[in-house]
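In what follows, a single structure is set out as structure tokens and then discussed.
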Amino acid sequence: MFRTRFAPSPNGLLHLGHAYAAIVAHDLAREQGGEFLLRIEDIDGASSREELVKEILEDLAWLGLSWDGPVIRQSARLSDHTAAVDRLKQRGLLYPCHCTRGEIAAASLRMGPDGPAYPGTCKNRDVDPDGAAWRIDIAKALEQTGELQWDDAIAGPQVATPDIFGDVVLVRKHLPAGYHIAVTLDDATDAIDLVTRGTDLFAASHIHRLLQELLGLPVPRWHHHRLLIDADGRKLAKRRDSPSLSDQRRAGEDGSALADALRADIFPAGISLAKALNG
Ligand code: GLU
């Protein structure tokens with residue numbers, strides 16, 4: 001069964017950009033008679049808010065989107081995430097790090113997709129693992145896997161370049177795992193065939209492809225869709241002033257009509273689809 005998923009983090013209300021992402025994933029599944037799953041990515045207990053999960057479910061129903069099976073909770077799978085982390089540690093691929101953002105920015109020699117690339121400061125140091133973040137030694141990992149490829153339905157075939165991030169964090173301080181490990185494992189557990197999400201996460205797929213290889217997971221295809229941007233060219237963001245879907249819902253707007261407008265690339269004034277891949 002062909003499967004896609006929408007995987008929001010319940011740390012803010014959904015906005016039009018999320019509606020667009022959910023519709024893309026939903027419609028790609030339905031066009032093929034496949035399944036559309038809803039996974040709540042709630043592993044960060046400090047920022048996940050339960051009342052937002054209820055809003056997310058109501059927003060999707062309001063848009064006329066239905067999902068298959070029960071709502072999946074990423075937090076129910078922490079033991080899977082920890083087990084995978086332990087395997088990578090046993091292979092000597094992870095190392096602990098206490099560097100602060102400021103220290104990394106000061107020592108970094110180049111920019112990665114999410115900010116200054118980690119310069120490997122803790123790689124060969126004797127670091128106290130207690131309360132540390134754990135980073136993956138990308139060079140060592142790539143030595144083990146060799147060159148990897150992945151395929152994006154829009155951008156075409158890609159050679160994996162996880163090294164653009166530097167040694168990225170796989171386990172966040174005081175958390176069992178982080179986004180990259182959790183999303184990669186969960187997409188495998190959920191048997192997702194096509195990972196659909198915005199181009200803001202395009203670069204992350206280089207890391208996910210590496211983790212799939214290291215952990216012996218199936219390799220899906222990806223579909224990174226263009227992002228909705230505001231009049232200043234910035235992607236819509238939860239913490240800026242894009243109206244939330246729940247505000248629109250409570251104001252009595254027609255959710256199905258909104259979904260159909262988004263499908264036809266008709267957006268409210270000032271909002272458009274970014275042209276550039278990573279726009
Ligand atoms: N949970 C992530 C987010 O809300 C998206 C995960 C994904 O689609 O890979 O940004």
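All values reported here derive from a predicted model rather than from experimental measurement. We count ligands from 1, going down the list as the structure has it; atoms in each ligand are counted the same way.
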Lys/Arg-Asp/Glu bridge criterion (N-O < 4.0 Å) met for R49, D42: no
Ligand-residue contact atoms, ligand 1 with S9, heavy atoms, under 4.0 Å: 1 (N), 2 (C), 3 (C), 4 (O)
Element-labelled atoms of ligand 1 that are located less than 4.0 Å from some non-hydrogen atom of R197: 7 (C), 8 (O), 9 (O)
Worked check of ring pair (Phe, Tyr, Trp, His ring centres under 6.0 Å) between H225 and Y20: CA-CA 9 Å; H225 58 76; Y20 186 79; 5.4 Å; yes
Backbone or side-chain N or O of R5 under 3.5 Å from ligand 1 N or O: yes
Ring centroid separation H26 to W67 under 6.0 Å: no
cation_pi(R135, Y118) dist<6.0 Å, angle<=45: yes
Carboxylate-amine/guanidinium proximity below 4.0 Å for E35 and R5: no
Ligand 1 N/O within reach of V183 N/O, cut-off under 3.5 Å: no
Ligand 1 contact on H208 by region, counting heavy-atom pairs under 4.0 Å: neither
Enumerated ligand 1 atoms positioned under 4.0 Å from heavy atoms of Y179: 6 (C), 7 (C), 9 (O)
Whether F6 lies under 4.0 Å from ligand 1, heavy atom: no
Test of ring centre spacing under 6.0 Å for Y179 and H208: yes
